[in-house]
Amino acid sequence: MEKRKLIIDCDPGVDDALMLAFAAAHREEFDILAVTTVNGNQDIEKVTRNALDLTAFYGLKVPVAKGMGLPLVKEPHYAPETHGESGLGTCRLPASPEKAEEEPAVLFLYRILAGLPEEEKITIAATGPLTNIAVLLRLFPEVKRKIREILFMGGSLCGGNVTTAAEFNFYVDPEAAKIVFYSQIPLVMCGLDVTEKCTLTRNQILKLCQSGYPAARACGDMMGFALENTSEKYRGEVSVHDAAPLMYLLYPGIFSGQNEILDVDCSDGPSRGAVLGGFRWWRNEETEANVFVLTDVDREKFQEYLITALYALGEAE
Ligand code: BDR
Ligand code: CA
């Protein structure tokens, strides 16, 4: 099978950390050209340090480039209650001696895309606010034709997790999400509609914590923090939102979804960051749909594939 060329844009972040573990376990299927970071769950210095430490810890040899430290318009809004002060709960990873690229992420991404052979395209998986991608598309619109698709974790058609209306990544930078929505690049939205079903249970997390494999154990430790420190503890399971885009790339058959015409609310009111969608009689759903929205997943299969990947990573050490 030909490897899919992939760029990962993220803000680790506990669930970003599990997404990176899943990516590392599937390095035979993914040709990961770069990991870029963006302010989101924590500030840009912390999430970049986490990306460097995580990739080294998982044995994933890939350049890491530091991205935008601020959203396009508003001030940052971090999420220490879910991800801890460091961004990775209370998990302590060995410090990687690697450094981030000299170039800022947006320029680094531009160089990768501009340097591709004529017929080649790249997939982008974005699991933080879409700030880097928006700036890239605004600065260098000519790279759009080199992007095969963007899969992003963000948004929701079923209510938010920061406000009643808005999901975290879209709440932090709705203007960036809007630019991506209007980019005319094929988009797959892995929003809360589906990621609320992409969970690990308390028992599964406990088992990971007891694993003899360091990567699986660290992932259990991080997810345990997210479970016990949020209202997820009453549910007894916690979403691994950011693993959804990569899971969809490898196992599309366990998901279902539909095409939608979507927009984002960038007003200052209570619905800032909300995704606006649904039937619009004056538009042609067939030709104007701009986003494929994932709405459902086979939860057991998601859990099985994720857990298997986390253990496989340990065995590879
Ligand atoms: C998203 O918000 C972040 O806190 C998570 O890492 C995920 O990307 C879920 O709403
Ligand atoms: Ca994230």
Side-chain angles (χ1 to χ4, degrees), residues 7-23 35-44 46-51 54-55 64 67-69 71 76-89 91 105 124-133 150-174 176-177 180 188-200 219 222-223 225-227 229-232 235 237-248 264 272-275 293-294 297 302 306:
I7 286 168
I8 296 175
D9 187 62
C10 59
D11 61 336
V14 167
D15 54 336
D16 303 79
L18 268 83
M19 174 275 296
L20 288 170
F22 185 78
V35 170
T36 54
T37 60
V38 63
N39 93 90
N41 288 321
Q42 269 298 350
D43 69 50
I44 192 65
K46 288 182 184 173
V47 298
T48 306
R49 171 44 47 206
N50 292 343
L54 286 163
T55 49
V64 172
M68 299 291 291
H77 172 95
Y78 305 132
E81 64 292 347
T82 309
H83 302 274
E85 281 309 319
S86 75
L88 302 180
C91 181
I124 296 179
T127 63
L130 288 163
T131 321
N132 289 337
I133 311 301
I150 301 174
L151 298 96
F152 57 88
M153 190 287 131
S156 166
L157 292 172
C158 64
N161 59 359
V162 180
T163 65
T164 314
E167 178 280 332
F168 179 83
N169 291 331
F170 274 39
Y171 180 76
V172 172
D173 203 339
V180 172
V188 178
M189 175 168 131
C190 311
L192 298 180
D193 314 277
V194 69
T195 66
E196 286 292 347
K197 301 167 194 159
C198 296
T199 59
L200 287 180
C219 288
M222 291 185 266
M223 288 306 289
F225 181 94
L227 176 68
N229 289 282
T230 63
S231 55
E232 303 276 54
R235 181 158 81 124
E237 54 187 324
V238 60
S239 292
V240 197
H241 305 278
D242 291 343
L246 296 200
M247 188 71 73
Y248 177 70
V264 189
R272 180 172 173 77
V275 175
V293 182
L294 300 186
V297 65
F302 175 90
L306 179 60

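Predicted model, so just to flag it, every value in this text is computed and none were measured. Values below: every heavy atom of this structure, side chains too, minus hydrogens, waters and symmetry copies. When a ligand or atom number is given, it counts from 1 through the structure's own listing order.
- None of the N, O or S atoms belonging to N169 lies under 3.0 Å away from the Ca ion (ligand 2).
- Between Y78 and V172 there is no side-chain heavy-atom pair separated by less than 4.5 Å.
- Near M153, the atoms of ligand 1 lying under 4.0 angstrom from a non-hydrogen atom of the residue are 1 (C), 7 (C), 8 (O), 9 (C).
- A donor-acceptor contact shorter than 3.5 Å is absent between the side chain of T195 and the backbone of C198.
- Not a single donor-acceptor pair under 3.5 Å links the side chain of K46 to the backbone N or O of L88.
- Counting protein heavy atoms only, atom 3 (C) of ligand 1 is closest to N41 OD1, 3.1 Å.
- Contacts of T195 with ligand 1, taken as heavy-atom pairs under 4.0 Å, are absent altogether.
- Of all the N, O or S atoms in D11, the one closest to the Ca ion (ligand 2) is OD1.
- If you number the atoms of ligand 1 from 1 as listed, the ones under 4.0 Å from a heavy atom of T127 come out as 8 (O).
- K197 contributes atom NZ, which lies 12.0 Å from atom CD of E237 (distance to the nearest 0.5 angstrom).
- In this structure, the protein non-hydrogen atom closest to atom 10 (O) of ligand 1 is E167 OE2, 2.5 Å.
- The OD2 atom of D242 and the OD2 atom of D16 meet at the Ca ion (ligand 2) at an angle of about 70°, given to 10°.
- Side-chain N or O atoms of N161 include one that pairs as donor or acceptor with a backbone N or O of F168 at under 3.5 Å.
- Using modelled atom types, no side-chain atom of D9 and backbone atom of A126 make a donor-acceptor pair closer than 3.5 Å.
- Of the protein's non-hydrogen atoms, D15 OD1, 2.6 Å is the one closest to atom 6 (O) of ligand 1.
- The line from CG of L200 to CD of E232 is 11.0 Å long, rounded to the nearest 0.5 Å.
- Close N/O approach between N161 and ligand 1 is found [any backbone or side-chain N/O within under 3.5 Å].
- A distance of 11.0 Å separates CE of M247 from SG of C190, quoted to the nearest 0.5 Å.
- Of all atoms in ligand 1, listed by their number and element, those nearer than 4.0 Å to a heavy atom of D16 are 6 (O).
- At a threshold of 3.0 Å, the Ca ion (ligand 2) has no backbone or side-chain N, O or S atom of D15 nearer than that distance.
- With rounding to the nearest 0.5 Å, the separation of CZ in F152 from CD1 in I133 is 11.0 Å.
- In terms of polar-atom proximity, defined here as any N/O pair under 3.5 Å, D242 does make such a contact with ligand 1.
- Panel note: side chain N132, backbone M68; a donor-acceptor pair is recorded below 3.5 Å.
- At a 4.0 Å cut-off, not a single heavy atom of T82 sits close enough to ligand 1 to count as contact.
- Heavy-atom proximity to H241, at under 4.0 Å, picks out these atoms of ligand 1: 9 (C).
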